[in-house]
Amino acid sequence: RVADLDRKAQIASTALEASQKTIESLKMSLNEAHEHSRLAESAKLSIAAESQKRLATSEEYRQTLASVAAEKEAAAAELQTIRRERLHEKALVVAATDSSCLLRVELEKALH
C-alpha cells in the first residue's frame, strides 16, 4: 500500500511539474503577446502622428498653392489694367497727333 501511495505521489508530482512548466510557458507567451500588443500600439500611434504631420504639410502646400494662384491672378489683372492704360495713352497720342495735324492744315490754309 505504501508503494502504491509512493507511485501515486510520484505521478502527482510529475503532473504538478508538467502543470507548472505549462503555466510558465503560458506566462511567457502572455508576456510576449503583451509586448507585441504594446509594440503594435506604439507603431499605430507613430503612424497616426506621421499621418497627421503629412496631412498638415499637405494643407500647408494647398494653402501655398492657393496663395500663389491668387497672386498670379492679381498680377494678371494688374497687367491687364496696365495694358488698357497703355492703349488709352496710345489712343490719346494718336488723337493729339491727328488734332495737331488738323490744326497745322487749318493754320496753313489760313496763312495762304
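These numbers were taken from a predicted model, which means no experiment stands behind them. Starting from 1, each residue takes its place in the sequence as its number.
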Which atom pairs, donor and acceptor, lie under 3.5 Å between side-chain atoms of residues 18-34 and protein residues at least two apart or in another chain?
from  : atom 1 : to    : atom 2 : distance (Å)
Ser19 : OG     : Ala15 : O      : 3.0
Thr22 : OG1    : Ala18 : O      : 2.9
Ser29 : OG     : Ser25 : O      : 3.1
Asn31 : ND2    : Lys27 : O      : 3.4

- Spacing of CD belonging to Glu85 relative to CG belonging to Leu92, to within rounding of 0.5 Å: 11.5 Å
- Can you check whether Glu50 reaches Lys53 side chain to side chain, under 4.5 Å on heavy atoms? yes
- Exam field: side chain Thr14 to backbone Gln10, donor-acceptor pair closer than 3.5 Å: yes
- Spatial distance of atom CD (Glu89) from atom CD1 (Ile82) [nearest 0.5 Å]: 10.5 Å
- If you measure from CD1 on Ile11 to CG on Leu16, what distance do you get to the nearest 0.5 Å? 13.5 Å
- Taken in chain and number order and not counting sequence neighbours, the residues that satisfy side-chain contact (heavy atoms from CB on, under 4.5 Å) with Glu41 are Lys44, Leu45
- Query: Donor-acceptor pair, Ser42 side chain versus Arg38 backbone, under 3.5 Å?
  - Reply: no
- side-chain contact (heavy atoms from CB on, under 4.5 Å) filter on Gln80, not counting sequence neighbours, yields Arg83, Arg84
- Message: Looking at Gln63, I want to see if its CD is surrounded by more than 12 non-hydrogen atoms of other residues, nucleotides or ligands under 6.0 Å.
- Response: yes
- Derivation and outcome, salt bridge (Lys or Arg N to Asp or Glu O under 4.0 Å), residues Asp4 and Arg1: CA-CA 5 Å; Asp4 189 37; Arg1 180 165 155 87; over 6 Å; no
- Query: How far does CZ of Arg62 sit from OG of Ser58, to the nearest 0.5 angstrom?
  - Reply: 10.5 Å
- Message: With rounding to the nearest 0.5 angstrom, report the OG to CZ distance, Ser51 to Arg54.
- Response: 8.5 Å
- Task: Look only at the side chain of Thr97 and the backbone of Val93, and say whether a donor-acceptor pair between them is shorter than 3.5 Å.
- Result: yes
- Can you measure from CG (Leu111) to CZ (Arg104) and round to the nearest 0.5 angstrom? 12.5 Å
